[in-house]
Number of protein chains: 2
Amino acid sequence: MNDEIDLSQRKKQILFQAVEDYIENANPITSGAMVSKSETTLSSATLRNELNALEQMGYLKQLHTSSGRVPTTKGYRFFVNTIKDSCRADIEGLLKIKNVFETRTINLTELIKVIADKVSEVTDYPTVISLGGIDKLEILSIKIIPLMTEQALMLIETPRGLLNNTLELKQNFDEQSCFDAGRVLTNKFKSMTIGQMIENIENKHQEILNELSEYANFFEYVLQSLIKLTKQYEKEGIYSKGATKLLKNPEYQNVEQAKDVLSLLEDKEELRNLIEDDSDCDIAFTIGDELNDNRLSECTIAKAHCKINGENIASVGIIGPKRMDYAKISGALKFIVDEFKKTDLLELHGNNKKGDKYD
Amino acid sequence: MNDEIDLSQRKKQILFQAVEDYIENANPITSGAMVSKSETTLSSATLRNELNALEQMGYLKQLHTSSGRVPTTKGYRFFVNTIKDSCRADIEGLLKIKNVFETRTINLTELIKVIADKVSEVTDYPTVISLGGIDKLEILSIKIIPLMTEQALMLIETPRGLLNNTLELKQNFDEQSCFDAGRVLTNKFKSMTIGQMIENIENKHQEILNELSEYANFFEYVLQSLIKLTKQYEKEGIYSKGATKLLKNPEYQNVEQAKDVLSLLEDKEELRNLIEDDSDCDIAFTIGDELNDNRLSECTIAKAHCKINGENIASVGIIGPKRMDYAKISGALKFIVDEFKKTDLLELHGNNKKGDKYD
DNA sequence: GTTAGCACTCCCAATCTTTGAGTGCTAACG
DNA sequence: CGTTAGCACTCAAAGATTGGGAGTGCTAAC
């Protein structure tokens, strides 16, 4: 697959410049233009030979005889691998994001929206952020508050903030029973994750029922509620912004082409599948055919995984044409990933004294 | 303005058929086509005379000599006024919506999303729903629950469900103080609206501070929180779906034209301004120039105001080309409005016994 | 290995032509 | 007087033709 080693130093340089120029101007690469633009001492004939060789090797392709050449996916891939570590961020725009991180007591769901908005603004590409599911969240405490007829609110405190959901109790409970039930549940499930709690409930159902004795009533409702909550977050924790910015690019002047991508950007479920993956690396580009989706054959997706305290919290995706500004995107994503790394979830919610909780 | 009275019965019929046909086929109306399609006994020459007259009167216009005619805004307006009461709903699709209304304990914010999704699916046009602000909501009770360090959760029960927001207390309070504070606040503000409560707090600040004595501490935070909450709902209570469906229409085959409308559909703030108005009527169409927005000169917006117990709860907007299927849209909107009318908010939240609240 | 030179390819834009759908007008008809 | 057949006129849209020019590949000379 990777035969970039076969490339002479000169070929590498030519290919790099060719792709770079194409990304900037969207004009097919020609030997003549390269002579006049770059500071090369080579003649156009020599460049033609080299470009021809690069085409044979699959890095470039011609649209027709006597047209300039355009990068193939392989060509873009070479380019991306080369610039991997050089980024060119719009510092000014990104600094605004920094402020957001420093705003305390911002809900994480809010946070990703603000970030997606800003990233899309700075990069000028559609941006998607998905929040990880809640199943890996640690439970800090559980509270139950009676509401109007036969309902109660279940509150679960987690390092990522407060989860809340209404319980359908089918029976009235008073303030005190609810309070006690919450305390019992907290004692039982504290410092498990939501996922573990569900698993635990499902596996040791009877056992726990006995253990919780008089609060067993709540128990069924809590389980149902947790499952509903998990599904809901799966569905809601995804946000996208700036879809129409795609239309600015010359590759989407044709409505037919744009339609596919735009409707994909409207479908949260598909977006989630697209953005999430288990890759370990912080930032990755997937180019054109590499995406294995006809609708996206002319797109590149840049993905980044944001971690707080080492835990995967959110995934950011930037969707653009293959001809996207890789260095800029790379810079923006690196910035976001770093900001997340520096952040402590508890701080996000205004708790500067970790571990100093009370219940 | 309205000189539809001047139209002979025959002209009305011709104009109606002309617009109807144009809406269906997007082909300019020609005398020849009208003869072959409709069961008229008139000759094409006579129709030409009539069409010419209708053009003089401003209902139709020609794109150029020797082309067929196209409806003007005035022509569409005539058409809409004529079909006002005939609707042609996709009953099957809409019945699915009915089920949603019957699902209890669905959050109103969730409800509008599901409805927008379905309406967009059934009509095949972008659909926007905005939820009214929270300021007119009646307060049923206020609860305060202590959370982790120096924070508490404020819960306000309203007929539209539970509002919640985190309070930054800057000081720890125990379970009991919070509980008591909630009770005091409830007694003071119960059955006011959120708006009245804010107003009240702002006007009689000192007075209330004295009255609440030991819970005065909470008071400032509650005020701030309420204001924040009001703003937040203003921003969040709007949802749109199906923007890309616009691209199916021949009038948006040109990216430049589509871009404007699509980016408008992405901007929640603009959408809100567009959808909300104070008009009393349940369903209204605003056509092309009537919208007073260049970007929308080729669009029609259908708006409906949904009321529960007489109170304006949500506004639905359907955006399409001027050539939209008015009868179908009208049917769909009427259905939604009626469903809302039949709904009791308390029932939505699972309370079948109204007034049977406890605190 | 590099490059000047040249034949060759083929897109693109401009121009022109043709076609035909559709109109407006007029004169005749019942 | 409303209706209609007939005809001249208009004009967009779709081909056909053309020339220009940008770009290539190849070859032969450096």
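Note on naming: letters A, B, ... go to the chains in the order of the sequence lines (proteins, then strands), and numbering restarts at 1 for each one. Predicted model, so just to flag it, every value in this text is computed and none were measured.
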### Query
How is A/T46 classified with respect to the nucleic acid when contacts are heavy atoms under 4.0 Å: base, sugar-phosphate, or nothing?
base

#### Entry: A/N49 CG - C/dT3 P separation (whole Å)
10 Å

#### Entry: Atom-pair distance (CG on B/N27; P on D/dA13), nearest Å
13 Å

### Query
Base, sugar-phosphate alone, or nothing: which one does B/L42 contact when heavy atoms must sit under 4.0 Å apart?
sugar-phosphate

### Query
Do the charged groups of A/K241 and B/E266 touch, with an N to O distance under 4.0 Å?
no

### Query
Is a side-chain N or O of A/S297 found less than 3.5 angstrom from the main chain of A/G288, in a donor-acceptor match?
no

### Query
With both distances kept under 3.5 Å, what pairs with D/dG6, Watson-Crick or G-U wobble?
C/dC25

### Query
How many Å lie between CD on A/E55 and C1' on D/dG25, as a whole number?
11 Å

#### Entry: Cation over ring face, A/K74 and A/Y59, 6.0 Å, 45°
yes

### Query
Contact class for A/S31 vs. all strands (heavy atom < 4.0 Å): base, sugar-phosphate, or nothing?
sugar-phosphate

### Nearest listed nucleotide, side chain of A/N52, among D/dA12, D/dG25, C/dG22
D/dG25

### Message
Looking at A/S120 and A/Y125, would you say the former's side chain and the latter's main chain have a donor-acceptor pair under 3.5 Å?
### Response
yes

### Query
In whole angstroms, how far is the P atom of C/dT3 from the CG atom of A/L51?
14 Å

### Task
Rounded to the nearest angstrom, tell me the gap between atom CD in A/Q56 and atom C1' in D/dG25.
11 Å

### Message
What's the closest nucleotide to the side chain of A/A45 if the choices are C/dA4, C/dG24, D/dT4?
### Response
C/dA4

### Query
Any donor-acceptor pair under 3.5 Å between the side chain of B/S66 and the base of C/dT23?
no

#### Entry: Side chain A/R69 and base D/dG25 donor-acceptor under 3.5 Å
no

### Task
Report yes if a donor N or O on one partner sits less than 3.5 Å from an acceptor N or O on the other, where the partners are the side chain of A/T65 and the base of C/dT9; otherwise report no.
no

### Summary
When rounded to whole Å, the CD1 to P distance for the pair B/I29 and C/dA21 reads 19 Å

### Query
Between C/dA21, D/dT4, D/dG6, which nucleotide gets closest to the side-chain atoms of B/S43?
D/dT4

#### Entry: ring pair (Phe, Tyr, Trp, His ring centres under 6.0 Å) partner of B/F285, the single match among B/F79, B/Y76, B/Y326
B/Y326

### Query
What is the distance, rounded to the nearest whole Å, between atom CG of B/L60 and atom C1' of C/dG22?
15 Å

### Query
Which nucleotide, C/dT3, C/dG24, D/dC26, lies nearest any side-chain atom of A/R48?
D/dC26

### Task
Could you work out which one of C/dT23, D/dT24, C/dC10 sits closest to the side chain of A/H64?
C/dC10

### Query
A/I14 has an atom CD1; how far is it from atom C1' of C/dG1, in whole Å?
13 Å

